[in-house]
Amino acid sequence: MSFNCRFAPSPTGPLHIGGVRTALFNWLLAKKNKGKYFLRIEDTDKERSKEEFKKQIISSLAWLGIEHEGEEYIQSKNISKHVTVAEDLIKKGFAYACYCSEEEINEQKEKCKKQGIPYVYNRKWRDAKDLKIPKDVKPVIRFKSKISGNTIIKDLVQGERNISNSTIEDFIILRKDKSPTYQLSATVDDHEMKITHVIRGDDHMINSFKQKQIYDAMGWEVPKFAHIPLIHSEKGKKLSKRDNASTINDYIKIGIIPEALRNYLLRLGWSYKDKEIFSLKESIELFNFEGIGKSPSKLDMSRILSMNETYIKSMNEKKLFDKLLEFSNKFKINIDKSKESIILKSLNFLKNKAKTLEDIYNNSGYILNDNLKISSEDKSLIDKKSKDIIKNFIEDFEALKDLNKTSLEPIIKNLIDKHKTNFKGVGQPLRIGLVGTKFGPGIYDIILSLDKATVINRLKKLV
RNA sequence: GGUCCCAUCGUCUAUCGGUUAGGACACAUGGUUUUCAUCCAUGAAAGAGGGGUUCGAUUCCCCUUGGGACCGCCA
């Protein structure tokens with residue numbers, strides 16, 4: 001059995017993380033079923049569709065590694081086909097022109113509101129042989145929706161869904177300017193693209209009932225539907241473009257890596273036993289409809305961070321280094337060529353203190369910046385005794401031939417004995433002098449990561 | 001308001017009638033450690049409420065409550 005699915009965002013705003021997850025689920029399922037995953041840009045809203053959003057959508061998906069089959073499908077290019085289908089529906093008696101003016105519709109809505117009853121279009125023109133066609137009104141085309149009976153959709157995630165047909169109004173398929181609406185375009189395109197599985201957010205559930213009627217009217221095979229629960233913001237509402245930290249870029253700029261976000265998104269609303277970490281290969285093999293839950297899930301930044309931390313720690317250091325370079329070049333200051341090798345060899349300890357690439361970048365500050373800024377508070381910690389320790393250290397350190405942990409250790413130990421102090425007594429002044437703060441990597445790591453001259457120069461500034 | 005849906009620790013979730021209700025994140029405590037971390041160990045933390053069905057319900061059914069989605073000539 002073939003498996004064709006698609007992700008169909010509209011370029012009327014930046015793609016947020018919920019959409020990304022929908023795309024991921026589609027893509028995973030296509031891979032798993034050896035099917036195809038398409039990207040369709042639904043740009044039939046001419047007013048609001050923007051080229052920049054289209055680009056943002058495509059680059060967001062690419063960043064996560066979600067690659068679509070062939071070129072992206074641009075819906076507006078197929079409008080004439082949509083219109084043809086609408087005309088076909090009229091001919092077949094499944095659609096009709098409605099001459100109600102916008103004022104008339106608004107009046108009806110007002111009236112219903114006052115009476116406290118739900119507004120449904122009154123189907124005035126559905127069978128209007130006796131009505132006079134007003135000259136000054138351009139008609140819209142409405143689909144002749146079923147009035148009686150029920151429609152059942154066997155949803156792959158939600159199970160059997162049953163709705164009374166009377167709750168679906170005669171929805172518009174062609175606007176007064178003859179342009180097709182979403183219900184028509186999406187249906188026609190899904191059919192043309194031979195989509196077998198429509199996997200989308202469950203805010204589309206009602207649309208599936210409408211669209212099914214179009215498929216049936218046209219005698220087309222109805223695809224399988226899967227409506228996945230939405231992602232909620234921390235406030236518990238449907239994620240909107242206004243929520244902060246909702247677009248991919250919000251995560252990229254703090255140094256989240258794609259593998260981690262992919263894993264996080266995979267586990268948001270889906271599970272496989274107790275497993276938390278999934279390689280790409282595993283997610284393709286194991287992902288399924290059965291594991292998708294029915295209730296919406298909330299975004300949790302601490303989990304994203306933790307997932308990122310896990311991936312950073314387990315990642316090949318060369319690969320991590322490349323990501324760090326890319327990150328700093330894009331969002332921070334370019335890493336100087338002369339510092340690259342030091343950073344690379346220091347990643348093995350820098351990454352232990354980091355949840356994000358930004359953390360690594362910040363922790364690398366003592367390598368990247370030749371002039372350290374030491375806060376006055378930290379400077380005040382360098383008292384007479386500390387200065388003596390530093391002086392002694394410089395003497396011993398300069399005399400060292402081979403610089404490694406084994407040769408360094410005795411120096412520190414001797415200083416501890418000599419000055420009757422503990423490790424902190426020696427380590428802290430050195431760290432302040434070399435890193436600029438009390439916090440930082442292990443003192444051996446710091447010394448070994450910097451070259452000898454730099455260590456001496458920095459320490460000499462303190463005494 | 002109408003229609004539809006959902007309901008296990010704070011969060012993501014496991015359980016598919018019988019479990020001391022498990023894991024992960026976050027949190028707390030302790031240990032390792034040269035600081036901050038990492039790492040390790042431990043702890044606290046959940047079946048919304050009420051009825052049924054059943055020998056037995058977190059699990060099946062109903063009601064209540066709470067939450068959500070949809071109700072555009074947007075998609």
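Reminder, nothing fancy here: chain letters follow the sequence lines and each chain counts from 1. FYI, side chains are in, hydrogens and waters are out, and symmetry mates aren't considered; it's all heavy atoms of this structure. This one's a predicted model, so the numbers in the text were calculated from it and none came from an experiment.
A45(B) and G23(B) have their P atoms separated by 14 Å, given to the nearest Å. Between the P atoms of U38(B) and U29(B), the separation comes to 14 Å (whole Å). Comparing U54(B) with C40(B), their C1' atoms are spaced 46 Å from each other, to the whole Å. When the P atom is compared between G43(B) and G2(B), the two are found 50 Å apart, to the nearest whole Å. Taking the P atoms as reference points, A46(B) lies 31 Å from C5(B), given to the whole Å.
Using a 4.0 Å heavy-atom distance criterion, E102(A) is classed as a base contact. S306(A) comes within 4.0 angstrom of sugar-phosphate atoms only, judged by non-hydrogen atoms across all strands, and of no base. The residue P441(A) sits close to a base: some heavy atom pair falls under 4.0 Å. Using a 4.0 Å heavy-atom criterion, one finds that K313(A) contacts the sugar-phosphate atoms exclusively. The residue G201(A) sits apart from the nucleic acid: no heavy atom pair falls under 4.0 Å. Residue contacts for E42(A): at a heavy-atom cut-off of 4.0 Å it reaches the sugar-phosphate backbone alone, with no base atom in range. Residue contacts for K294(A): at a heavy-atom cut-off of 4.0 Å it reaches the sugar-phosphate backbone alone, with no base atom in range. At the heavy-atom level, L174(A) lies nowhere under 4.0 Å from the strands shown. G440(A) comes within 4.0 angstrom of a base, heavy atoms only. Contacts of Y264(A) with the nucleic acid, taken as non-hydrogen atoms under 4.0 Å apart, are absent.
With C73(B), U38(B), A75(B) as the choices, the nucleotide that has an atom nearest any side-chain atom of K109(A) turns out to be C73(B). Of the candidates C70(B), G10(B), C73(B), the closest approach to any side-chain atom of D300(A) belongs to G10(B). Among the nucleotides U11(B), C5(B), C73(B), the one closest to any side-chain atom of K298(A) is U11(B). Of all nucleotides listed (C25(B), A75(B), A69(B)), A75(B) comes nearest to the side chain of T44(A). Closest to the side chain of F439(A), out of A75(B), U11(B), U35(B), is U35(B). Checked against C73(B), A24(B), A75(B), the side chain of E276(A) finds its nearest nucleotide in A24(B). Of the candidates C25(B), U34(B), C70(B), the closest approach to any side-chain atom of D203(A) belongs to C70(B).
A donor and an acceptor atom sit less than 3.5 Å apart, one in the side chain of N207(A) and one in the base of A75(B). For R267(A) and U13(B), a side-chain-to-base donor-acceptor distance below 3.5 Å is absent, hydrogens and geometry of angles not being considered. Remark: the R303(A) side chain and the A26(B) base include no donor-acceptor N/O pair separated by less than 3.5 Å.
Checked against the 6.0 Å centroid criterion, the rings of F287(A) and F25(A) qualify as a close aromatic pair. A ring-centre distance under 6.0 Å is found for Y182(A) and H204(A).
Both distances falling under 3.5 Å, in either a Watson-Crick or a G-U wobble arrangement, place C60(B) opposite G52(B). The base-pairing partner of C25(B), taking Watson-Crick or G-U wobble contacts with both distances under 3.5 Å, is G10(B). Pair assignment for U34(B): none, as no Watson-Crick or G-U wobble contacts are both less than 3.5 Å. G2(B): Watson-Crick or G-U partner is C70(B), with both key distances under 3.5 Å. Summarising the base pairing, G17(B) is matched to no nucleotide, lacking a Watson-Crick or G-U wobble pair whose two defining distances lie under 3.5 Å.
Nearest-nucleotide assignment on RNA chain B puts the 5′-proximal partner with S295(A), out of I443(A) and S295(A). Of the two residues contacting RNA chain B, namely G291(A) and E160(A), the nearest-nucleotide position lying further toward the 5' end is that of E160(A).
N26(A) places a side-chain N or O within donor-acceptor distance of the main-chain N or O of I199(A), the cut-off being under 3.5 Å.
Put simply, CD on Q183(A) is 13 Å from P on C70(B), counting in whole angstrom units. Nucleotide U11(B) holds its P atom 18 Å from the CE atom of M307(A), rounded to whole Å. To the nearest angstrom, C1' of U15(B) lies 15 Å from OH of Y272(A).
Taking 4.5 Å as the limit, every side-chain heavy atom of H191(A) sits out of range of all side-chain heavy atoms of M218(A). Residues F94(A) and D216(A) are not in side-chain contact: their nearest non-hydrogen atoms beyond the backbone lie 4.5 Å or more apart.
No more than 12 heavy atoms of other residues, nucleotides or ligands sit less than 6.0 Å from atom NZ of K379(A).
For the residue pair N308(A) / T356(A), no side-chain donor-acceptor distance below 3.5 Å is found, with atom types taken as modelled.
Ring stacking holds between H204(A) and A75(B), with the centres under 5.5 Å apart and the planes within 30 degrees of each other.
At G68(B), none of the side-chain N or O atoms of K238(A) fall inside 4.0 Å of OP1 or OP2 (strictly under the cut-off). Close to C6(B), at under 4.0 Å from its OP1 or OP2, lies a side-chain N or O of R161(A). Regarding contacts with the backbone of C73(B), every side-chain N or O of T181(A) stays at 4.0 angstrom or more from both OP1 and OP2. At the phosphate of G68(B), OP1 or OP2 sits under 4.0 Å from a side-chain N or O atom of K237(A). Considering only side-chain N and O atoms, S297(A) lies under 4.0 angstrom from the phosphate OP1 or OP2 of U13(B).
R142(A) forms a cation-pi arrangement with Y121(A), by the criterion of a distance under 6.0 Å to the ring centre and an angle within 45° of the ring axis.
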